[in-house]
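What you see is a predicted model, and the numbers here were worked out from it, not measured in a lab. A, B, ... follow the sequence lines: proteins, then strands. Residue 1 opens every chain.
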Amino acid sequence: MFGRFTDPTAEAFSALQHEPIVLYTVLTIMVLGILVFTVITLCGWWGTLWRNWITTVDHKRIGIMYVVLALVMLVRGFADALMMRLHQAMALGNESAGYLPPDHYDQIFTAHGVIMIFFMATPLLFGLFNYILPLQIGARDVAFPFLNNLGFWITFAGAVLINISLGVGNFGRVGWLAYPPLSELSGSPDTGVDYYLWSLQLSGIATTISAINFVATIIKMRVSGMTMMKLPVFCWTALVANVLILMIYPVLTVALALLIGDRYLGMHFFTNDGGGNPMVWINYVWIFGHPEVYVLVLPAFGILSEVVPTFSSKCLFGYTSMIWAILVILVLSFLVWAHHFFTMGGGISVNTFFSVATMVIAVPTGVKIFNWLFTMYKGRIRLEPPMLWCMGMIFTFVGGGLTGVMLSIAPADWQFHNSLFLVAHFHHTIIGGVVFAYLAGLVYWFPKAFGIKLNRALGIASFWCWFIGFYFSFFPLYILGLMGATRRLQHYIEPSWQPYFIIAMIGALIIALGILFTVLQLLLVVWYGIKHKGRLPVRENDPWGDTRTLEWSISSPPPPYNFAILPSVTTLDAYWHMKTEGTQCKPTRFSRIHMPSNTSAGFWVGILALILGFALVWHIWWLVAFSFIGVISVIILHSFIGDHCGYYLSAMEVQKTEDAFTAAYLKAGGKEI
Amino acid sequence: MENLKKVLGILSVLTLMSLLSGCDVAVLSPTGLVAKAQRDLIIISLILMLCIVIPIMFAVIFFAIKYHASKKDTEYLPDWGISHKVEFFMWSIPICVVSILAMLSAYFTYKYEPSKPLDYAVATDNNPLRINAVALEWKWLFIYPEYGIATINEIYAPTGRQVALQLTAQDTINAFWVPKLGSVLYAMPQMNAKLHLLSEENGRFPGMSANYSGDGFAGMHFTWHSVSNGDFDNWVSRVRRSGNQLNYVTYLELTKKSKSNPVTYFSGVDRDLYYRVVNRCVAEGSKCNEELMRLAAARSLWGELCSVFDVRESIAPVNIRE
Amino acid sequence: MNTSVRIETINEDHHDNGSTQVFGFWIYILQDLFLFATLFANFAVFSSTYDGGAAGKDFINLPFVMVETFLLLFSSISCGFAMVNLQTNNLQGTRLSLQITFILGLAFVGMEVYEFMHLIHQGVIPSVSTYWSAFFVLVATHGVHVIAGLIWMMCMFVHLSRYKLSRDNRIRMACLSLFWHFLDIVWIGVFTVVYLLGAL
């Protein structure tokens, strides 16, 4: 009846009973949950929440939900990171050193990696895609609004499932890519790896659905006149990232499915017996895993290519070079996966090929860096927070590239492999490259979504904390790696390592301060929202000035239909040219606009998928059958009774919205056009 | 003010140096032949890359100051977006640097391929010391096939003599790493990976597993003692005096999980134990992988095409020296 | 502030673009192709790991598989006829062709289930060896896709009787036929790699 709950070896509630840290965390989350629930009930927000958010198919609202999910997961993943740093700073000696037993420590580093990549970076990415991409290509929505909603709720289900493992059962103790045979039943008989497998399957399905949506959106929904070579670079990177997703996530899905076969059906893909071969898994996950790095970092490049020109008041240098560099990376990213295991004994030819291919990727990446530099050259640079993040990114990312090239030299990698040098390197590129750029994007496009900028002083403070904190946390790790410290150590015996771990911990605390400042920025906006009774006033369209792309041509926040009149585009940087050539004009006649209808199907599929995942982890087969049939039924029902016709916003309503914007715009001191 | 800056600068450089020199940075102060080559490679590649990276870092800050919006008198070219000259250098500089590094990488990959005996050692005509290593949960078993002895978590090897290691694992994937000597290599179940190392100096070098393998992973360290020939012989006879025997039964005992194991000696080892570990047929009644492959080869075309039979050659039992 | 007007570009029906939906479905098919490619690669890697047990060859019944193959090939033809009838606005013909497709597909699934039961009955189950794990995963993944297609067709019958040859139904039919032909092509791969080459 209750599957593995009745099996004492599955340790369903042992963490809650024996680990005070887990208990207090779960209690805090529950108290917070109850608090939020009470506030929503008292204020009577359930109705709006349901109508305007949960069932919405508006890409802008879904984008905001993705970003909120990502920020919550950032806090979760960062809490894991802080715990690890704190533990390692104390972990000199034997297993009882520090405050975390291996069992708990191993779960934390696994969860940190999985959450940061799959439930922080990916949702943040999709949040930005969702909000910005349709606006940049002059579309009124994405190609498949319902799939967009569905994708969000399945991602949400995956994120909730992975966080349930905090209290119920435990999480995998296998590292973020779960190498077998450790992740097989022989190495991890409890629920940890099952949570890993099912939450990643959910996230994978959601990511694939969203990627199909965005590729179709970019290819089919561009506004008239916007040919591929007039597409903003952010859209280009989004296109390439989504194409990559479509090519690599199936590999991950298959790899996970095969491991599921091993664990649930007694198959023998990656086991030591029965003919299995664990090394095959390592190939699969890295054929997925390496392009995944580019899925994350290419849009980061795209963001820089939008922000740097804006704050340099210049056009992007070498647009064509940039696009070619992106396409070269798309191809090359598939030819380098074996550099993650130069130490497997691949032989001379394999190692040489993958070593050289990896270095070749440094070429298009270097070209991008030069592009941004020459964009700044002879510009008028304004050091607003988004630009600071971008400069921080360029400055830090080239360092990460440097160590990346060092690691790509196979014989040198034989000394770096799996050491803290490697850990420092990929945090160097992911924090320095991806996180800084995403935060730049977040700060840059925030006024588009909410009408007001984030607090500038706090933003600058946040940047410097992240920037300095980063160097303090990860430079010690480079040195530790060279001293012979491997990753994932629960304790160590070299006293000379401890000072470095302590410095790294201080660095992590500085980054924590940076996150705190970001949270304060957001709280200020919430305060502002409360002051205005939840109705953010519509503001000027172009708060940064010298912006170049179409999203800035409409009000902030944009109306539900985005563009009252679809713009027509003749050049790259369409909005910049409209401004400089004065070809913008004020429409006087509007027509009705077709809008898609809200639907709750995505939400129900998400909830049922969550139940399905949970039931599968705990082997509650009747619930598996029930929720699986539920998912299928909801989708079939949606095809019959769902509202596919949408509705029309009348010309009058459009006129009213646009007039309100014009009035607000003029009141804020805007010029009449 | 200027002086203060200077003092601060000197102080920070000094702290950095003392931090680095106060302790032993193993990879940068190697004692092994392979590791020394790797250190050189690391330093060369670092310098080459710095030649590009430092100007970029400098340029970011310099441009931000020079072209700051407050400086209205500097040149401003809002529409300057294409310059084939600049773009030519933009592509060609990275290509040049990468070409140099690629050649370096290819050369060193060829020269220090772990499975190849080291050139230096071949030239001096020395006969490698053979050690077969098994990664167990969570300890290292080192078998000396020529001496018929084995140890847990301890290696003794004569300085200046090439060591030909063969690595495998019982349960989970591990990696063998002695930072002072160089080259990590995976120890994988069902696989026999070959690694050649050579220490040029006497000393005690910490070694560890470099691939996470579960609960007791952090405690999986061992020591590599590089000693003179005489000391090595003494050590061998010391090991031989121990009463422990390593046979199938005691090996299966060893495969049970245990953490932070003390050094243990075995004075006798079953001759084909390592072969059976690699082929997963230590347990009674189990068929060796190689045998299974032969069966498959007899069965179908694919079995024939996919079977690799180099295993017997290299890990066959050898005659024990007295 | 607002952008230039060109009345002819005003597109009210921004969402109802059928070609976008079919295009989206093409993208889905392409990513599914990568999924199958991985499974085929997986099968190739493990194509001789019998673990001392039965080889695929011992159980492959080529005439039986040929019948399966022809069932699926003919179902593809009838699916094509369904689309031809759709083009000529012949609802009855569309329905009939789709019914034939459904029956042929069902027969295919029936034969595959029979084959699996037969194997399991003789003790050849996925846990016997990696070869059989890979065999069952690859063939069953295709089978599950076919079943999904059959469920889709059942829904399609209801859609056809409710909405006749509406625009939405035409898009649905276009996607369904794409899906069905795709499964046919994948089956050709399965037939060749697993059965024909496996019999060597």
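Ranked by heavy-atom pairs shorter than 4.5 Å toward chain C, the options A:Ala211, A:Gly646, A:Ala216, A:Gly274 are led by A:Gly274. Across C:Leu33, C:Leu35, C:Thr49, the residue that shares the most heavy-atom pairs under 4.5 angstrom with chain A is C:Leu35. When A:Gly276, A:Ser639, A:Ala257, A:Gly261 are compared by the number of non-hydrogen pairs under 4.5 Å with chain C, A:Ser639 comes out ahead. With chain A as the partner, the residue from C:Ile151, C:Val158, C:Val45, C:Val128 showing the most heavy-atom pairs under 4.5 Å is C:Val158. Per-residue heavy-atom pair counts under 4.5 Å with chain C were compared for A:Ala255, A:Gly225, A:Gly266, and the maximum is reached by A:Gly266. For the set A:Leu265, A:Val280, A:Asp273, A:Ile287, the count of heavy-atom pairs under 4.5 angstrom toward chain C peaks at A:Val280. Interface check for chain A: of the options C:Asp51, C:Thr130, C:Val137, the most heavy-atom pairs under 4.5 Å are formed by C:Thr130.
A cation-pi arrangement, defined by a distance under 6.0 Å to the six-membered ring centre and an angle within 45 degrees of its axis, is present between A:Arg592 and A:Tyr648.
Residue C:Tyr28 touches chain A through both its backbone and its side chain, counting heavy-atom pairs closer than 4.5 Å. Residue A:Phe269 touches chain C through both its backbone and its side chain, counting heavy-atom pairs closer than 4.5 Å. Residue C:Ala134 touches chain A through both its backbone and its side chain, counting heavy-atom pairs closer than 4.5 Å. No part of A:Asn213 comes within reach of chain C, as not one of its non-hydrogen atoms sits under 4.5 angstrom from that chain. Only the side chain of A:Ile636 comes within less than 4.5 Å of a heavy atom of chain C; its backbone N, CA, C and O stay farther away. Residue A:Thr217: no heavy atom, backbone or side chain, is found under 4.5 Å from chain C. For a residue to count as touching a neighbouring chain, one of its non-hydrogen atoms must lie under 4.5 Å from one of that chain's; by this rule A:Leu258 touches chain C with the side chain only. Neither the backbone nor the side chain of C:Leu30 has a heavy atom closer than 4.5 Å to any heavy atom of chain A. Of the two parts of A:Tyr249, neither the backbone nor the side chain holds a non-hydrogen atom closer than 4.5 Å to a non-hydrogen atom of chain C. Both the backbone and the side chain of C:Asn42 come within contact range of chain A, each with at least one heavy atom under 4.5 Å from a heavy atom of that chain. Interface remark: A:Val251 contributes backbone and side-chain atoms alike to the contact with chain C (heavy atom separation under 4.5 Å).
Between A:Phe270 and A:Trp281, a ring centre-to-centre spacing shorter than 6.0 Å is recorded. Aromatic ring centres of C:Phe70 and C:Trp187 lie farther apart than the 6.0 Å criterion allows. For C:Tyr131 and C:Phe43, the gap between ring centers is short of 6.0 Å.
Considering A:His59, A:Glu551, A:Arg140 in turn, A:His59 is the only one that fulfils the side-chain hydrogen bond (donor to acceptor under 3.5 Å, both in side chains) rule with A:Asn562.
The aromatic rings of C:Phe59 and C:Trp132 sit perpendicular, their planes meeting at an angle over 60°, well past the 30° parallel limit.
Judged by distance alone, the side chain of C:Ser75 and the main-chain N or O of C:Thr101 form no donor-acceptor pair under 3.5 Å.
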Subject >> Full working for ring pair (Phe, Tyr, Trp, His ring centres under 6.0 Å) between C:Trp152 and C:Phe25 >> reply: CA-CA 14 Å; C:Trp152 189 352; C:Phe25 200 77; 5.6 Å; yes

Original post:
For C:Phe36 and C:His145, what are the C-alpha separation, side-chain angles and deciding distance, and is it a ring pair (Phe, Tyr, Trp, His ring centres under 6.0 Å)?
Top reply: CA-CA 11 Å; C:Phe36 276 109; C:His145 273 76; 4.9 Å; yes

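Taking A:Arg263 as the reference, A:Asp194 meet the salt bridge (Lys or Arg N to Asp or Glu O under 4.0 Å) condition, with sequence neighbours excluded. The ring pair (Phe, Tyr, Trp, His ring centres under 6.0 Å) test applied to C:Phe23 returns no partner, not counting sequence neighbours.
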